[in-house]
Amino acid sequence: MNQMPITAQPASVNQLDSVLNDSHGLLIRERFYWSQVACAACERKTQFKVAKWDPSMPGILEDNDFVSQPLVLEFYEESDCFCRYCLHSMRELKLGIFSGVRTQESSMAWENPNNGWPPGRDPHVILFRPFKCNIPLFCCLPCPGEISAIDGPSGALRARVMQDWKCWNCCWPCDVYLGTFDATGVRTFTVHTPRACGSGCINCCAPSCCNRTHTSFIRRGNAIVGPSVGAIEVHWPGWNLRGLLQAYSAAENFAVKFPDQSTTDEKLQVVSAWSLSNFLYWEKRANQRR
């Protein structure tokens with residue numbers, strides 16, 4: 001498929017940078033679609049509402065903790081029907097980051113949402129994901145997934161995130177990694193996601209009523225062990241429709257916690273890592289696993 005053109009122009013300063021600069025992290029709430037719960041073939045364009053995360057919030061977040069926060073950003077997917085229905089979570093897409101799409105609304109709840117990008121509005125940043133087949137063949141690892149953060153007004157590359165396959169992943173797929181890179185190609189963070197029995201089963205059965213929070217650990221540079229400086233968490237919504245039907249809706253609640261003293265560009269790299277990890281690990285629904 002065609003790659004999105006990237007220019008070498010300097011990135012612009014926009015409202016997204018202001019939000020990131022003032023934030024310790026983000027709460028990201030995905031839209032729930034009844035059509036996806038009822039039909040395995042249905043694949044709607046993903047939509048997310050975003051609020052600020054604060055360190056004073058509880059460690060375990062209920063859905064009400066997300067809904068009660070004031071809205072600061074909205075993410076909308078743009079993709080074609082063929083890619084969504086035939087490729088599902090492997091599809092090529094553009095995730096636009098918008099603010100102030102509907103100024104009369106400040107809630108994280110969904111009310112008459114747009115389908116795809118809002119008409120007449122330009123995104124601050126586009127998270128572009130090219131098609132990459134993630135089906136392993138024999139003992140070979142699948143193609144590494146990637147996402148590029150493209151400045152909306154200028155088209156400049158601001159960040160890139162790629163899967164970082166390790167040689168042992170052929171026989172031990174329970175500890176997987178993403179690498180984040182700045183606009184010049186310098187590696188900034190490693191995102192470590194323990195799955196199943198990885199890292200002492202810390203994420204076993206998460207997110208669910210048995211283990212409410214699934215955690216991916218962010219470390220500086222190439223480090224795959226040692227203390228983490230941030231996290232990407234998936235929180236079970238609780239005993240409500242979102243929580244009970246989460247496996248069939250793939251509508252997740254995320255808390256993205258930025259490293260202390262990170263720059264605006266580094267925070268955007270972490271947001272890009274969240275986006276890639278969501279499409280790699282969280283967009284395949286239970287009714288599609290047949």
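Every value quoted in this text rests on a predicted model; they were computed, and no experiment measured them. The figures here come from the full heavy-atom set of this structure, side chains too, leaving out hydrogens, waters and symmetry mates.
- Across all non-hydrogen atoms, the minimal contact from Ser23 to Val19 is OG-O, 2.5 Å.
- Here the closest heavy-atom approach between residue Pro259 and residue Arg220 is recorded as CB-NH2, 4.1 Å.
- Residues Glu43 and Lys284 are not paired through a salt bridge, judged by the lack of any N-O separation under 4.0 Å between the basic side chain and the carboxylate.
- Salt-bridge formation is not detected for the pair Lys166/Asp175: no Lys NZ or Arg NE/NH1/NH2 atom is positioned less than 4.0 Å from an Asp or Glu carboxylate oxygen.
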* Derivation of the salt bridge (Lys or Arg N to Asp or Glu O under 4.0 Å) call for Glu62 and Arg212 -> CA-CA 9 Å; Glu62 300 274 355; Arg212 297 187 65 117; 2.9 Å; yes
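- Shortest non-hydrogen contact noted between Ile126 and Pro123 is CG1-CG, 3.6 Å.
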With side chain to side chain donor-acceptor pair (under 3.5 Å) as the criterion, how do Glu266 and Thr188 come out once you've worked through the C-alpha distance, each side chain's angles and the decisive distance to 0.1 Å? CA-CA 8 Å; Glu266 288 176 333; Thr188 52; 6.0 Å; no
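- Using a 4.0 Å cut-off between charged nitrogen and carboxylate oxygen, Arg242 and Glu252 do not count as a salt-bridge pair.
- In this structure, the separation between CG on Asp65 and CD on Gln69 is 7.5 Å, given to the nearest 0.5 Å.
- Partners of Ala255 under the side chain to side chain contact (heavy atoms under 4.5 Å, CB included) rule, at least two apart in sequence or in another chain, are Leu27, Leu61, Glu233, His235.
- Looking at Asp80, its side chain does come within 3.5 Å of a backbone N or O of Cys83 through a donor-acceptor pair.
- In summary, the side chains of Ser249 and Gln36 do not present any donor paired with an acceptor at a separation below 3.5 Å, with no hydrogens or angles considered.
- Follow the hydrophobic side-chain contacts under 4.5 Å out from Trp172 and you reach Ile224 in the same cluster.
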Evaluate the side chain to side chain contact (heavy atoms under 4.5 Å, CB included) criterion for residues Leu26 and Leu20: first the C-alpha distance (whole Å), next the side-chain angles of each, then the deciding distance (0.1 Å), finally the verdict. CA-CA 9 Å; Leu26 299 176; Leu20 293 179; 4.2 Å; yes
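- Residues Trp282 and Pro207 form a side-chain contact, since some pair of their non-hydrogen atoms from C-beta on lies under 4.5 Å apart.
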Could you go through Asp63 and Asn253, starting from their C-alpha distance and side-chain angles, then the distance that decides it, and tell me whether this counts as side chain to side chain donor-acceptor pair (under 3.5 Å)? CA-CA 7 Å; Asp63 193 46; Asn253 288 354; 2.9 Å; yes
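- One finds no salt bridge joining Asp54 and Lys257 here, because no Lys/Arg side-chain nitrogen approaches an Asp/Glu carboxylate oxygen to under 4.0 Å.
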Next on the checklist: Please determine whether salt bridge (Lys or Arg N to Asp or Glu O under 4.0 Å) holds for the pair Asp17 and Lys267, giving the CA-CA distance in whole Å, both sets of side-chain angles, and the decisive distance to 0.1 Å.
Outcome noted: CA-CA 9 Å; Asp17 296 323; Lys267 292 176 180 179; over 6 Å; no
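- With Glu77 as the fixed residue, the side chain to side chain donor-acceptor pair (under 3.5 Å) test singles out one of Lys94, Gln47, Arg91, Lys45: Arg91.
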*Given His214 and Trp236, is the ring pair (Phe, Tyr, Trp, His ring centres under 6.0 Å) satisfied, shown in steps?*
CA-CA 8 Å; His214 183 286; Trp236 186 59; over 10 Å; no
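- Atom CZ in Phe131 sits 11.0 Å away from atom SG in Cys86 (nearest 0.5 Å).
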Could you give me the CA-CA distance, side-chain angles and deciding distance for Trp165 and Trp168, then say whether ring pair (Phe, Tyr, Trp, His ring centres under 6.0 Å) is met?
CA-CA 8 Å; Trp165 290 119; Trp168 62 80; over 10 Å; no
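- A heavy-atom distance below 4.5 Å is found between the side chains of Phe32 and Val37.
- Ion pairing between Glu146 and Arg160 holds under the 4.0 Å rule for side-chain N and carboxylate O.
- In terms of heavy atoms, Arg195 sits closest to Pro173 at CD-O, 4.4 Å.
- Linking ILVMFWY residues whenever their side-chain heavy atoms come closer than 4.5 Å, directly or via other members, places Leu276 and Phe75 in the same cluster.
- Between Cys174 and Cys197, the closest heavy-atom pair is SG-N, 4.1 Å.
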**Request:** Report the C-alpha distance between Asn278 and Ser275 in whole Å, list the side-chain angles of each, state the deciding distance to 0.1 Å, and finish with yes or no for side chain to side chain donor-acceptor pair (under 3.5 Å).
**Result:** CA-CA 5 Å; Asn278 174 49; Ser275 180; 6.0 Å; no
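- The cluster map of Ile, Leu, Val, Met, Phe, Trp and Tyr, joined by side-chain heavy atoms under 4.5 Å apart, puts Leu93 and Tyr281 in the same cluster.
- Between Phe258 and Val271, the closest side-chain pair of non-hydrogen atoms falls below 4.5 Å.
- Between Leu73 and Ser99 there is a side-chain heavy-atom pair separated by less than 4.5 Å.
- Atom-to-atom distance recorded for Arg44:CZ and Ser35:OG is 4.5 Å, nearest 0.5 angstrom.
- When every heavy atom of Ala51 is checked against every heavy atom of Pro70, the shortest pair comes out as CB-O, 3.4 Å.
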Does Ile202 form a side chain to side chain contact (heavy atoms under 4.5 Å, CB included) with Phe217? I'd like the steps, not just the answer. CA-CA 11 Å; Ile202 186 173; Phe217 302 95; 3.7 Å; yes
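- A donor-acceptor contact closer than 3.5 angstrom is absent between the side chains of Tyr248 and Gln246.
- Side-chain atoms of His192 and Ser216 include no donor-acceptor pair closer than 3.5 Å.
- Remark: side-chain polar atoms of Trp117 are not paired, donor with acceptor, to backbone N or O of Asp122 under 3.5 angstrom.
- Here the OG1 atom belonging to Thr193 is positioned 9.5 Å from the OH atom belonging to Tyr177, to the nearest 0.5 angstrom.
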Discussion item. Evaluate Trp274 against Phe48 for ring pair (Phe, Tyr, Trp, His ring centres under 6.0 Å), listing each step before the verdict.
Written reply: CA-CA 12 Å; Trp274 155 79; Phe48 306 86; 5.1 Å; yes
Fill in: Derivation and outcome, side chain to side chain contact (heavy atoms under 4.5 Å, CB included), residues Ser148 and Leu157
CA-CA 7 Å; Ser148 299; Leu157 176 67; 4.0 Å; yes
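- Using a 4.5 Å cut-off on side-chain heavy atoms (C-beta onward), Ser228 and Ile218 make no contact.
- The CZ atom of Arg129 sits 8.5 Å away from the CE atom of Met90 when rounded to the nearest 0.5 Å.
- No single ILVMFWY cluster, assembled from side-chain heavy atoms under 4.5 Å apart, contains both Phe66 and Val256.
- Here the side chains of Asn203 and Thr215 are in contact, with some heavy-atom distance below 4.5 Å.
- Hydrophobic clustering (side-chain heavy atoms under 4.5 Å, transitive across Ile, Leu, Val, Met, Phe, Trp, Tyr) keeps Val125 apart from Phe181.
- The structure places OG1 of Thr190 at 9.0 Å from CG of Leu178, a figure rounded to the nearest 0.5 Å.
- When atom types are taken as modelled, the side chain of Arg285 and the backbone of Ala40 share a donor-acceptor pair closer than 3.5 angstrom.
- Counting non-hydrogen atoms of other residues, nucleotides and ligands closer than 6.0 Å to CG of Asp22 gives a total above 12.
- Looking at heavy atoms from C-beta onward, Leu280 lies in side-chain contact with Gln163 at the 4.5 angstrom threshold.
- For the pair Asp260 and Val229, the minimum side-chain heavy-atom distance is 4.5 Å or more.
- For the side-chain contact (heavy atoms from CB on, under 4.5 Å) test with Arg187, the passing option among Asp182, Asp164, Thr180 is Asp164; the others fail.
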